[in-house]
2 protein chains.
Amino acid sequence: MGNKVQGTLLIIGGAEDKQGECEILSRFIELSGAEKSSIIVLTTATQEPERVGREYFNIFKRLGAGNVEVLDVDSRRRANHLYLVRLIDKATGIFLSGGDQLRITTILGGTAANEALRKAYLRGAIIAGTSAGASVMSNTMIVEGDSEEAPKLNTIKMAPGLGLLEEAVIDQHFAQRGRIGRLLSVVAHNPYIMGIGIDEDTAVLVHPDARLEIIGSQTVTFLDGRRVLYTNVSELSPGQALAIENVILHVLPKGFGFDLIRRTPLREEPVKGENNENY
Amino acid sequence: MGNKVQGTLLIIGGAEDKQGECEILSRFIELSGAEKSSIIVLTTATQEPERVGREYFNIFKRLGAGNVEVLDVDSRRRANHLYLVRLIDKATGIFLSGGDQLRITTILGGTAANEALRKAYLRGAIIAGTSAGASVMSNTMIVEGDSEEAPKLNTIKMAPGLGLLEEAVIDQHFAQRGRIGRLLSVVAHNPYIMGIGIDEDTAVLVHPDARLEIIGSQTVTFLDGRRVLYTNVSELSPGQALAIENVILHVLPKGFGFDLIRRTPLREEPVKGENNENY
C-alpha cells in the first residue's frame, strides 16, 4: 500500500442497488464530498457509454452530488488529452463503470489519464469501480475464466490491472456467478495473493490504512493462500483439475472489516464474552 | 465410523459419465465383485423409476456386473417387505439413484430396508449414491438451499439422512451449481461438521479406515470448520447475510485422498523434497 496513499477505493461486485436506498452509491457520493464533490464517471469499459453514463449521472445527482462529468474515454488518444487530465486532477471522486476490464486497461493503461488517476488516489480522492471497474483495481486482474466449473488451469486468463490495490486479486458477481473456482485458481498460481470475491450489490471500501470495510446487501469472500501446503498448478496438463490444500476462507457481510496487512477479519464490536475470562 | 464398518461408500456428485469410460460406475462394479457381483439399484429418489432403472441396469450389465436387480421401492409398505430385505442381505453392491433426497428418507427411513442397508454396509458391501443418493449418506443432509447466492440463514434446509457417513455433510453438483455458500452455511451451524462438496462426474470412495479416495473428472471441495473463530449464524435475522471466519478449504481432484479422522489431504506420492531435509 505504501505510506503515501491518502485516497480510498470503493470496489463494487456489480449490480449495485440503483433504485432503493443506494447504500453503496450513496457512500461514494458522501466520501466524494457530497454537495461539494466533483465527480467523474468513466464509461470506458462499456459498449453503451451513453446509456450507462446517463444512468450514473442521474443517480449521482439524485444522491446529492455537486459537479458530475461523464467522460466517454474510448481511445488512447482521448486518454492522453490534457483536458481529461485536468478534470481528473480536480476530481474528488472517480467512478469506473462496468463492461469489459480489458477495454479499461487497453485504453487507459500507460496514458496520462491513468497517471492522473493514480495521483488522484494518492492525494486523497475516492476511486470507485463496479464489475469490470472493480476487477481492474488490482495489480493482476482476472480477464476471463469459466465459472461454475471446477477450477482448471487453462480456463483462467489474467492480465496486468491498474495496480491501485496491491497483494490482492478481485473477483466480482462472485456468489451469483459461482466464481470461487477461478479465484482459487488465481490464489494457487501465487499463494501470496489475497483473493477477494465480492458479491453483487456488495462492496469493499479500502481505507488508507489498508483496512477494508464491507458494505451492501451480500457478502465478501476472502481466500488467504499463505498457509497453502501444496498445489499442483505448475504441473497441470490441459484440462486436468486443480488441487490446492489449506486455503483459509472467510465470508463476511456488512458490519465486518478485514485488515489487509494482518490478513484478519475485523468486527465492529467484540463478541460477547470473547475477552472475558469469567464468561 | 466405529470399528465395525467393513463396507465402502461411493458418494457421487451427480451426472457421472455413462457413455465413455464410466470411470466411477466401473469402479462401483469392480468393488461390488465384477462378474460375481449381486447388485441392487434403488430408484426410490426419482419420479421416473422405469427410465432411470433401465439406464443403470444396461450400464451395469455392460460394465460386467453379475446379477442386477432394479427395485422401485416407492412406499414405506414396500420398504418393509421381507423379499426386499432378503435381496439386500445378499447384495454385494447397492446403488441409490438421483432424484429427491426427501423421497429416500421419507420412504426408507426407519424401515426394514433401511436397517438391511446399514447391515450390508457394516458387513462389507459397497453402498453407492449419486446426487440425491449422495446427499442422504450423512447423518444430517441438505434438503434445499439457494445456490449461487450469498449464504443466508433462511435459505438452507436440513434433515436427518441415512447416517452411513458420520461427522460430515455432503453436497453434490457442487461447482456446477455454485453451492459453496450453502455448504458454508451448514458448517457455520456446527463447525464440527466436515463439509464435502462433490462436483459432477466426481466421487469419493469412503474406505473402511475412514480414508477417502477421489475419482472422476472434476474436484471435491473440503470445508473444515474446526478452526472457525466466529460465525454470526445463531444471531441472524431473516435475510441477513452469514459471516464465518477461518474455514480451512481444500480442493482436490483424482489422485488425491482425504483422511477424515485427521482431516488432512492425502497425496498418492509424497511431494518431491517434502520429507527431505537436504532438499
Side-chain angles (χ1 to χ4, degrees), chain A residues 13 146-152 173-181 184-185 187-188 197 199-202 214 216-225 227-232 236 239-256 258 264-267 271-272 274, chain B residues 13 146-152 173-181 184-185 187-188 197 199-202 214 216-225 227-232 235-236 239-256 258 264-267 271 274:
Chain A
D146 283 355
S147 305
E148 293 167 31
E149 281 295 326
K152 287 183 180 170
H173 300 281
F174 192 67
Q176 290 74 23
R177 298 190 186 168
R179 286 178 162 173
I180 191 162
L184 277 168
S185 176
V187 171
D199 290 352
E200 292 181 355
D201 192 33
T202 307
I214 296 158
S217 65
Q218 303 292 321
T219 63
V220 179
T221 301
F222 294 87
L223 300 175
D224 183 354
R227 302 280 162 75
V228 164
L229 295 171
Y230 174 75
T231 170
N232 64 356
L236 281 177
Q240 228 186 323
L242 178 78
I244 185 165
E245 298 179 2
N246 232 53
V247 175
I248 299 165
L249 175 150
H250 316 280
V251 176
L252 304 173
K254 178 164 66 174
F256 287 74
F258 194 83
T264 51
L266 304 166
R267 270 163 256 150
V271 178
K272 226 183 288 174
E274 192 171 62
Chain B
D146 283 354
S147 306
E148 294 168 28
E149 282 294 327
K152 288 184 180 169
H173 300 281
F174 192 68
Q176 290 74 23
R177 297 190 187 169
R179 286 179 162 174
I180 190 162
L184 276 168
S185 175
V187 171
D199 290 352
E200 293 182 352
D201 192 32
T202 306
I214 296 157
S217 64
Q218 303 292 321
T219 62
V220 179
T221 300
F222 295 87
L223 299 176
D224 183 354
R227 302 280 162 76
V228 165
L229 295 171
Y230 174 75
T231 171
N232 63 356
E235 305 154 10
L236 280 176
Q240 227 185 326
L242 178 78
I244 184 165
E245 298 179 2
N246 233 51
V247 175
I248 299 165
L249 176 150
H250 316 278
V251 176
L252 304 173
K254 177 165 64 175
F256 288 74
F258 194 84
T264 51
L266 304 167
R267 272 162 255 150
V271 178
E274 193 172 62

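Each chain gets a letter, A, B and so on, in the order the sequences are listed, and its residues count up from 1.
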Task: Contact class of B/D224 relative to chain A, heavy atoms under 4.5 angstrom - done: neither

Open item on the list: I need the A/T221 OG1 to B/I180 CD1 distance, nearest 0.5 Å.
Closed with: 7.5 Å

Task: Distance-minimising heavy-atom pair for B/N246 and A/I248 - done: OD1-CG2, 3.4 Å

Open item on the list: Using every non-hydrogen atom in the two residues, find where B/A241 and A/Q218 come nearest and quote the distance to one decimal.
Closed with: CB-O, 4.0 Å

Task: Non-hydrogen side-chain atoms of A/V247 and B/H250 separated by less than 4.5 Å - done: no

Task: Beyond-backbone contact of A/N232 with B/P253, side-chain heavy atoms, under 4.5 angstrom - done: yes

TODO: Under the side chain to side chain contact (heavy atoms under 4.5 Å, CB included) rule, what do A/L249 and B/L184 come out as? Steps first, then yes or no, please.
DONE: CA-CA 10 Å; A/L249 175 150; B/L184 276 168; 3.6 Å; yes

